[in-house]
Amino acid sequence: MSPEDRQAFLRAAARWFATREKAAALALLPDLGSWRDRAGFGSAMVDELYGDDPRHSADWVGAVNEPALAELLHRQLARLWSGDDLNGALAWAESLSSGEVRAAALEGVAFTWTQIDLESAYEWVATMELETEQDQVLAVMAKVISVRDPSAAATWALDLPPGTSSSDALSYAVHQWVRRDSGEAAAWAVALAEPGQRSSAMEAVAASWVAIDPAAAVSWVDGWQDPQLRTRGLHDAVSSWGSADPEAALAWVTGLPDAKLRTALTAEIKDRRGARQ
């Protein structure tokens, strides 16, 4: 049986279990050997039970014992429910006990809410008391906005309070932007007026760009005007390049006129090459 046929079979089985034997479906989950099968069957059960009443899905996913699968299914249900009844989905997610399952449900709500109304979604996130949940939800929001409009997402990320969530949000946004138009992302970062934001944005652009076109990224970093930022940026960018293609990185470093920097970067590339061997 092909993987596609097997998933179709599991969806058909879920339709049967959802109308007749919900408890038996829970007992069946551990017997499905692969993660793909358990996730596919569990996801189909959520869909089938949701069509009847989202609370039936909620009761079923709440009884799933495998932690990773429970998180996946809570996230899926929250996304579905939020699209039809945002307040109902939010009330359900917030009623769950603290932990990874609750965080997953909140992420699902945030995923849908961000697409509906970013401003009100962020107002909700700002009221969260648990910092770990807030960081996870902000990461989801950043990914959603970044896929839709990376330039807007990057600007939004810079307005977030300083911290891990703002740094992650900026990284997500810039990564998407660089993939679409690296030159435009670079020009935006350099043009930022506030020095701290400009440095953070430039480093984020460089980190994403070097993974796509290392030679172009390193050449751009080499042109930075701030000496300290340039040195730090070259260390980061050349180090990344050296991990992927040490010979090309060494060839570029050889042309640097600054002997001290050239020596330091050469040693760093050779150290990374030695660690790989």
Using only atom types and a distance under 3.5 Å, with no angle test, would you say the side chain of [X] pairs donor to acceptor with the backbone of [Y]?
X: Arg102; Y: Ser97; result: no
X: Arg230; Y: Asp222; result: yes
X: Arg38; Y: Gly33; result: yes
X: Gln76; Y: Ser43; result: yes
X: Gln197; Y: Leu192; result: no

Within a strict 4.5 Å, meaning less than it, do heavy atoms of the [X] and [Y] side chains meet?
X: Arg36; Y: Pro3; value: yes
X: Glu71; Y: Glu107; value: no
X: Phe9; Y: Asp5; value: no
X: Glu123; Y: Thr127; value: no
X: Val61; Y: Met45; value: no
X: Lys22; Y: Asp59; value: no
X: Glu133; Y: Val125; value: no
X: Leu160; Y: Tyr122; value: yes

Hphob cluster co-occupancy, [X] + [Y], side-chain heavy atoms under 4.5 angstrom:
X: Leu170; Y: Trp224; answer: yes
X: Val221; Y: Val210; answer: yes
X: Leu96; Y: Met128; answer: no
X: Ile212; Y: Trp241; answer: yes
X: Ile269; Y: Leu234; answer: yes

Show the nearest heavy-atom pair for residues [X] and [Y], with the distance to one decimal.
X: Ala70; Y: Val64; value: CB-O, 3.9 Å
X: Leu49; Y: Ala18; value: CD2-O, 3.8 Å
X: Thr114; Y: Met141; value: OG1-CG, 3.1 Å
X: Arg180; Y: Ser146; value: NH2-O, 4.1 Å
X: Val137; Y: Ala110; value: CG1-CB, 3.4 Å
X: Trp16; Y: Thr19; value: O-OG1, 3.1 Å

task = Would you sort out whether Thr155 and Trp188 count as a side chain to side chain contact (heavy atoms under 4.5 Å, CB included), showing the intermediate values?
result = CA-CA 10 Å; Thr155 301; Trp188 165 80; 4.0 Å; yes

Indicate every side-chain donor-acceptor pair of residues 80-91 with a distance under 3.5 Å to a residue at least two apart or in another chain.
| from | atom 1 | to | atom 2 | distance (Å) |
| --- | --- | --- | --- | --- |
| Ser82 | OG | Ala78 | O | 2.6 |
| Asp84 | OD2 | Tyr50 | OH | 2.4 |
| Asp85 | OD1 | Gly88 | N | 3.0 |

Inter-residue atom distance [X].[atom1] - [Y].[atom2], 0.5 Å rounding:
X: Arg55; Y: Trp92; atom1: CZ; atom2: CH2; result: 13.5 Å
X: Arg75; Y: Arg79; atom1: CZ; atom2: CZ; result: 7.0 Å
X: Leu10; Y: Arg15; atom1: CG; atom2: CZ; result: 11.0 Å
X: Asp117; Y: Thr112; atom1: CG; atom2: OG1; result: 13.0 Å
X: Ile145; Y: Ser151; atom1: CD1; atom2: OG; result: 11.5 Å
X: Trp60; Y: Leu77; atom1: CH2; atom2: CG; result: 11.0 Å

Heavy-atom count check: over 12 atoms from other residues, nucleotides or ligands less than 6.0 Å from [X] [atom1]?
X: Glu194; atom1: CD; value: yes
X: Arg262; atom1: CZ; value: yes
X: Glu94; atom1: CD; value: yes
X: Asp31; atom1: CG; value: yes
X: Arg148; atom1: CZ; value: yes

task = Output, in order, the C-alpha distance, side-chain angles, deciding distance and verdict of side chain to side chain contact (heavy atoms under 4.5 Å, CB included) for Phe111 and Gln115.
result = CA-CA 7 Å; Phe111 178 87; Gln115 297 177 72; 3.1 Å; yes

task = Output, in order, the C-alpha distance, side-chain angles, deciding distance and verdict of side chain to side chain contact (heavy atoms under 4.5 Å, CB included) for Val174 and Trp209.
result = CA-CA 9 Å; Val174 165; Trp209 198 353; over 6 Å; no

key: Audit row: Asp149, Trp156, side chain to side chain contact (heavy atoms under 4.5 Å, CB included) steps and yes/no   = CA-CA 11 Å; Asp149 187 345; Trp156 174 76; over 6 Å; no

Ser120 versus Trp113, side-chain donor and acceptor atoms under 3.5 Å = yes

